[in-house]
Amino acid sequence: MTTKIVKTEEEWLAELGPVQYKILREAGTERPFSGALLDEKRDGVYTCGACGAELFKSGAKFESGSGWPSFYESINPEAVTLVVDKSLGMTRTEIRCATCDSHLGHLFDDAYQTPTGDRYCMNSLSLGFKEE
């Protein structure tokens, strides 16, 4: 079971700064092809940009052409929480960090080239990276 991290929004803003806060705590989206981790090729683990929880292994990353880092599975099923998102006039599946409830991106089932068919489409600014 994951230990939850709970902070006030003021604490998150002070820790993250306005740009990361907008994405992680207000479900914003960075511009496609702008993220620092999009072209990351080293072996390692992708972590939550807010709390550092481990989310994805580098071996599950693939080039989706979407402009955002994409993964076909999380590091374990308990690492992320999936939430129905009906914003923008459509129904999507939002991905949140299970540890701190920060917004990470969205899940799509259009990755036919992967073992799972899933595309965890992530904001680079919602992630950290630990090289192995």
Side-chain angles (χ1 to χ4, degrees):
M1 180 170 192
T2 303
T3 302
K4 293 283 188 182
I5 294 175
V6 179
K7 297 179 184 182
T8 67
E9 292 308 310
E10 292 78 18
E11 290 172 315
W12 283 121
L13 180 58
E15 284 183 31
L16 299 171
V19 176
Q20 269 193 304
Y21 180 85
K22 179 76 174 164
I23 291 170
L24 286 158
R25 304 305 301 171
E26 295 180 337
T29 302
E30 66 191 1
R31 288 187 341 267
F33 302 102
S34 68
L37 295 175
L38 178 62
D39 296 319
E40 178 60 63
K41 305 287 189 225
R42 295 174 292 169
D43 290 336
V45 175
Y46 292 84
T47 60
C48 175
C51 73
E54 294 186 349
L55 301 172
F56 301 95
K57 292 185 180 180
S58 58
K61 188 175 186 216
F62 70 99
E63 178 53 54
S64 69
S66 67
W68 293 280
S70 297
F71 304 85
Y72 61 80
E73 66 184 356
S74 61
I75 202 162
N76 69 60
E78 292 81 33
V80 297
T81 304
L82 305 178
V83 179
V84 174
D85 174 5
K86 293 190 176 191
S87 66
L88 303 177
M90 64 182 95
T91 301
R92 300 179 292 172
T93 302
E94 179 186 5
I95 306 164
R96 293 185 188 169
C97 174
T99 302
C100 70
D101 202 37
S102 288
H103 172 79
L104 303 170
H106 287 88
L107 176 62
F108 302 96
D109 64 356
D110 59 3
Y112 307 110
Q113 72 274 37
T114 70
T116 64
D118 290 333
R119 175 171 55 100
Y120 289 78
C121 186
M122 312 300 289
N123 289 290
S124 279
L125 287 171
S126 70
L127 301 173
F129 180 75
K130 295 189 302 187
E131 186 176 14
E132 289 184 337

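Summarising the geometry, atom CG belonging to Leu127 is positioned 8.0 Å from atom OH belonging to Tyr46; distances are rounded to the nearest 0.5 Å. Taking CE of Met122 as the start and CG of Leu38 as the end, the distance is 13.0 Å to the nearest 0.5 Å. Going from atom OG of Ser102 over to atom CG of Leu16 covers 7.0 Å, rounded to the nearest 0.5 Å. The structure places CG of Leu55 at 8.0 Å from OG of Ser74, a figure rounded to the nearest 0.5 Å. Atom CG of Asp43 sits about 11.5 Å away from atom NZ of Lys57, to the nearest 0.5 Å. Within the model, atoms CZ of Phe56 and CG of Asn76 stand 10.5 Å from one another, a figure rounded to the nearest 0.5 Å.
Panel note: side chain Thr116, backbone Tyr72; a donor-acceptor pair is recorded below 3.5 Å. At distances below 3.5 Å, not a single donor-acceptor pair connects side-chain atoms of Gln20 with backbone N or O atoms of Gly17. The main-chain N or O of Ala98 is found under 3.5 Å from a side-chain atom of Lys4 such that the two form a donor-acceptor pair.
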Worked verdict on Leu24 versus His103 for side-chain contact (heavy atoms from CB on, under 4.5 Å) | CA-CA 5 Å; Leu24 286 158; His103 172 79; 5.7 Å; no
So Cys97 and Cys51, side-chain contact (heavy atoms from CB on, under 4.5 Å) or not? Walk me through it.
-> CA-CA 9 Å; Cys97 174; Cys51 73; 3.7 Å; yes
Show your working on side-chain contact (heavy atoms from CB on, under 4.5 Å) between Ser66 and Phe108 and close with a plain yes or no.
-> CA-CA 11 Å; Ser66 67; Phe108 302 96; over 6 Å; no
Just do the side-chain contact (heavy atoms from CB on, under 4.5 Å) check on Asp118 and Glu73 with the steps written out, would you?
-> CA-CA 7 Å; Asp118 290 333; Glu73 66 184 356; over 6 Å; no
Walk me through it: do Glu94 and Arg92 pass the test salt bridge (Lys or Arg N to Asp or Glu O under 4.0 Å)?
-> CA-CA 6 Å; Glu94 179 186 5; Arg92 300 179 292 172; over 6 Å; no
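Under the 4.5 Å side-chain heavy-atom criterion for Ile, Leu, Val, Met, Phe, Trp and Tyr, Leu82 and Phe71 are members of the same hydrophobic cluster. The hydrophobic clustering, which links ILVMFWY residues whose side-chain heavy atoms are closer than 4.5 Å, places Ile75 and Leu104 apart.
With contacts defined as side-chain heavy-atom distances shorter than 4.5 Å, the pair Ile95/Thr81 does not qualify. The closest side-chain heavy-atom distance from Cys48 to Cys100 is below 4.5 Å.
Applying the salt bridge (charged side-chain N to carboxylate O under 4.0 Å, His left out) test to Arg31 and every residue at least two apart in sequence or in another chain returns nothing. In this view, Ala111 and Phe62, Gln113, Thr114, Arg119 satisfy the side chain to side chain contact (heavy atoms under 4.5 Å, CB included) rule, not counting sequence neighbours. Under the side chain to side chain contact (heavy atoms under 4.5 Å, CB included) criterion, Glu30 pairs with Ile23, Ser34, Trp68, Asn123, Ser124, Leu125, not counting sequence neighbours. Considering only residues two or more places apart in sequence or on other chains, Tyr21 meets the side-chain hydrogen bond (donor to acceptor under 3.5 Å, both in side chains) condition with Glu9. For Asp101, the side chain to side chain contact (heavy atoms under 4.5 Å, CB included) criterion is met by Arg96, not counting sequence neighbours. Residues satisfying the side chain to side chain contact (heavy atoms under 4.5 Å, CB included) criterion with Lys41, sequence neighbours excluded, are absent altogether.
The pair Lys130-Glu54 counts as a salt bridge, with a side-chain nitrogen and a carboxylate oxygen less than 4.0 angstrom apart. Salt bridge status for Glu15 with Lys7: present, with a side-chain N to carboxylate O gap under 4.0 Å.
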